[in-house]
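Written below as structure tokens is the structure these notes are about.
The shown structure was predicted, so the numbers you read here are calculated from the model rather than taken from an experiment. Labels below follow one simple rule: chain letters A, B, ... track the order of the sequence lines, proteins then strands, and each chain is numbered from 1. Just so it is clear, the values below take in all heavy atoms, side chains as well, and ignore hydrogens, waters and symmetry mates.
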2 protein chains.
Amino acid sequence: MNKRRYEGEQTKKNIADKAKELFSRKGYAVTSIQDICDAAGCSKGNLYYHFKSKEDLFLCLEEQTFTEWWEQLDEIFSRCETVTEKLYAYGNFISGIERPLDSAEREFIGKVGMESEAGKKFVAIVNRSFENIKKFISEGIASGEFINENLFELTFIISCFYSGLSRYSSYMMDKEASKTLYRKATTLLLQGLSTGKSGA
Amino acid sequence: MNKRRYEGEQTKKNIADKAKELFSRKGYAVTSIQDICDAAGCSKGNLYYHFKSKEDLFLCLEEQTFTEWWEQLDEIFSRCETVTEKLYAYGNFISGIERPLDSAEREFIGKVGMESEAGKKFVAIVNRSFENIKKFISEGIASGEFINENLFELTFIISCFYSGLSRYSSYMMDKEASKTLYRKATTLLLQGLSTGKSGA
DNA sequence: TTGCATACCGACCGTCCGGTCTAATCTTAG
DNA sequence: CTAAGATTAGACCGGACGGTCGGTATGCAA
């Protein structure tokens with residue numbers, strides 16, 4: 001029982017990839033299970049063999065996406081000298097990634113509610129990302145690169161800033177223009193964020 | 001034919017208000033026509049008497065909302081001396097308004113598509129708002145208050161900044177905290193935007 | 001009073017959706 | 001070779017959805 005199991009994993013991954021693409025492009029509600037099956041070239045039974053529900057599928061995607069995302073970011077961050085560099089790197093990264101499930105997220109939470117099991121799981125996943133951002137902002141404050149303002153608010157503002165950008169840039173301009181825009185936006189943001197000192 | 005017509009208008013307005021609240025809170029797809037009817041205390045037939053389809057209803061809301069919004073903003077702006085003040089006023093305004101159909105918007109466009117009749121109407125409505133922002137940013141550049149950067153990009157960044165903020169602040173904090181946050185965010189933004197000169 | 005447009009109701013229709021279920025097929029351990 | 005289990009297909013189900021339709025109530029104009 002090996003080749004079979006491997007193929008199964010492949011199928012599951014394929015379904016996940018296609019689902020992500022569809023949710024990301026069309027939204028949660030509008031994307032039907034059948035759509036996903038068609039795109040993945042598999043049957044409904046097969047999909048439901050691998051995922052227990054549409055909600056579960058979405059949550060898996062969300063989880064997986066954020067995990068991969070921060071694995072890559074941590075790797076990138078480790079090569080940065082200053083937190084300012086990290087911020088640029090973060091912007092650059094986000095610009096290339098077309099924030100995968102962004103539009104579907106609010107839809108999802110609107111549907112299942114914040115109090116539901118799925119809702120709580122969702123919030124937990126998103127919060128982890130928020131905490132990651134908070135961490136590197138606090139580094140910036142500690143090193144003296146960033147102004148010593150309320151950490152939560154600062155993190156919130158910065159998260160929202162990039163979230164807002166990604167929201168529209170992905171379908172208003174191409175990747176290259178998007179990258180440039182993020183760079184400029186980061187520079188602009190840094191004007192307000194920076195203490196003027198160049199770091200630790 | 002007066003009292004009847006007046007009542008009709010009232011009903012239509014009531015439906016629109018309730019629909020706006022629901023779309024805004026739950027999203028487009030999740031809000032059913034029946035939900036809206038229940039909230040408005042009217043029948044489905046009545047709703048379809050006043051609006052020709054769900055899409056049409058949404059578009060009316062979008063149109064109406066943006067129009068009202070900018071009427072108020074123009075009024076507020078007219079009392080501002082500098083463009084910097086206008087930016088603060090804009091932030092303050094947005095913070096209090098919980099950007100009404102925000103979450104539903106992408107869902108809507110994802111459903112109908114950019115190329116459809118409804119999609120084009122939608123884009124036209126949103127673009128008008130973008131142009132309004134662009135206008136007052138360009139004033140800021142002209143007056144020497146803002147840096148002389150690419151107008152489109154600047155407008156894009158600023159729009160996205162506030163859009164991102166409104167997206168999360170509305171369900172992460174109360175009105176008062178939100179207002180404070182917007183003020184700080186605007187100050188931060190202005191660091192990058194401002195030339196240092198105090199205006200014309 | 002009658003005729004008519006407007007405003008309103010809710011049962012109903014076809015469609016599609018998420019999810020289930022059964023049966024078939026493939027792989028591999030023994 | 002075969003039993004057991006993993007994997008897949010797709011017909012099927014109940015229900016919710018957007019939208020329609022035949023009909024009713026209301027108030028104005030004549």
Side-chain angles (χ1 to χ4, degrees), chain A residues 1-20 22-23 26-61 104 107-113 116-119, chain B residues 1-20 22-23 26-61 104 107-113 116-119:
Chain A
M1 65 167 84
N2 216 329
K3 182 179 168 196
R4 216 78 227 293
R5 193 155 255 168
Y6 173 75
E7 278 173 1
E9 284 304 310
Q10 285 302 100
T11 305
K12 182 167 183 180
K13 190 174 171 343
N14 183 241
I15 293 171
D17 287 347
K18 296 292 161 41
K20 187 155 110 182
L22 286 172
F23 280 143
K26 306 206 305 174
Y28 182 76
V30 176
T31 303
S32 72
I33 295 291
Q34 195 57 57
D35 286 342
I36 298 169
C37 291
D38 290 348
C42 78
S43 69
K44 247 191 327 177
N46 198 358
L47 187 148
Y48 275 95
Y49 174 76
H50 289 290
F51 300 93
K52 88 175 200 292
S53 67
K54 194 184 185 186
E55 279 181 16
D56 178 59
L57 170 59
F58 184 79
L59 248 16
C60 284
L61 259 32
E107 221 182 304
F108 182 78
I109 201 70
K111 172 154 197 170
V112 303
S116 69
E117 208 54 43
Chain B
M1 61 168 82
N2 215 328
K3 182 179 168 197
R4 215 75 225 294
R5 191 156 258 169
Y6 174 74
E7 278 172 3
E9 283 304 309
Q10 286 300 102
T11 304
K12 183 169 183 178
K13 190 174 171 345
N14 183 241
I15 294 171
D17 287 345
K18 296 291 159 41
K20 187 154 111 181
L22 286 172
F23 281 142
K26 306 207 305 173
Y28 182 76
V30 177
T31 303
S32 72
I33 295 290
Q34 196 56 59
D35 286 343
I36 298 169
C37 292
D38 290 348
C42 79
S43 69
K44 245 206 273 211
N46 198 0
L47 187 148
Y48 276 96
Y49 174 76
H50 288 291
F51 300 94
K52 91 176 197 291
S53 67
K54 194 183 184 186
E55 281 182 16
D56 178 59
L57 170 57
F58 184 80
L59 247 17
C60 284
L61 259 33
E107 219 182 310
F108 182 77
I109 200 71
K111 172 153 197 170
V112 305
S116 69
E117 208 55 44

Query raised in the report: How far does NZ of A:K26 sit from OG1 of A:T31, to the nearest 0.5 angstrom?
Result: 5.0 Å

Query raised in the report: Distance check: side-chain N/O of A:H50 vs OP1/OP2 of D:dT8, anything under 4.0 Å?
Result: yes

Requested in this report: Would you mind telling me which of A:I36, A:I15, A:N14 makes a side chain to side chain contact (heavy atoms under 4.5 Å, CB included) with A:C42?
Outcome: A:I15

Query raised in the report: Do the side chain of A:K54 and the base of C:dG19 come within less than 3.5 angstrom through a donor-acceptor pair of N or O atoms?
Result: no

Query raised in the report: In terms of the nearest nucleotide of DNA chain C, which residue is placed more toward the 5' end: B:G41 or A:E55?
Result: B:G41

Report summary line: Atom CD1 of A:I36 and atom C1' of C:dG19 are separated, to the nearest Å, by 13 Å

Query raised in the report: Within the structure, does a side-chain N or O atom of A:Y49 lie under 4.0 Å from either OP1 or OP2 of D:dT8?
Result: no

Report summary line: To the nearest angstrom, the NZ-C1' distance between B:K13 and C:dC8 comes to 20 Å

Requested in this report: Please tell me which of A:C42 and B:D35 maps to the more 5' nucleotide of DNA chain D, matching each residue to the nucleotide holding its nearest heavy atom.
Outcome: A:C42

Query raised in the report: Do the numbers put B:K54 on top of the ring of B:F23, so that NZ or CZ is under 6.0 Å from the six-membered ring centre and no more than 45° off the axis?
Result: no

Query - Contact under 4.0 Å: B:T11 side-chain N or O vs C:dA7 OP1/OP2 - result: no

Query raised in the report: For the pair made of CG in B:N46 and C1' in C:dC9, what is the distance, rounded to whole Å?
Result: 8 Å

